[in-house]
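Treat the numbers as computed from the prediction; the structure is a model and nothing was measured. Counting starts at 1 for both ligands and their atoms, following the listed order.
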Amino acid sequence: METEENTVAITATPNGPFIVEGNFKLIDREGKAEVRKGRIALCRCGRSYKQPFCDGTHRKIHYNDLSLK
Ligand code: FES
């Protein structure tokens with residue numbers, strides 16, 4: 001059953017990261033899982049130095065998500 005409490009929202013921000021909100025499991029590339037609750041920003045431009053998280057680099061490189069279409 002879907003409730004506000006167990007729903008994860010993923011929002012693509014204009015020319016920026018994916019905002020993930022809710023209760024979720026973050027699994028790194030080695031397969032290590034970490035249960036999270038709250039809000040995180042995941043890099044969408046691929047240039048963050050803190051992958052998988054956004055570090056603001058998208059602003060410096062003028063990332064434009066419309067140029068990917
Ligand atoms: S989306 Fe922010 S650094 Fe990539």
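- Phe24 is not listed as a side-chain neighbour of Lys37, based on a closest heavy-atom distance of 4.5 Å or more.
- Closest to atom 2 (Fe) of ligand 1, if we only count protein heavy atoms, is His58 ND1, 2.2 Å.
- Near Asp55, with a cut-off below 4.0 Å to any heavy atom, the atoms of ligand 1 are 3 (S).
- For ligand 1, the atoms closer than 4.0 angstrom to any heavy atom of Cys54 are 2 (Fe), 3 (S).
- The two atoms that bring Phe53 and Ile40 nearest to each other are CE2-CD1, 4.0 Å, heavy atoms only.
- Inter-residue side-chain proximity for Ile10 and Ile19 is flagged as unmet; no heavy-atom pair is nearer than 4.5 Å.
- With 2.8 Å as the limit, Cys43 counts as an N, O or S neighbour of atom 4 (Fe) of ligand 1.
- Those atoms of ligand 1 that come under 4.0 Å of a heavy atom in Arg44, given as number and element, are 1 (S), 4 (Fe).
- At a threshold of 4.5 Å between non-hydrogen side-chain atoms, the residues Ser48 and Asp55 count as touching.
- Between Pro17 and His58 the shortest side-chain heavy-atom distance falls below 4.5 Å.
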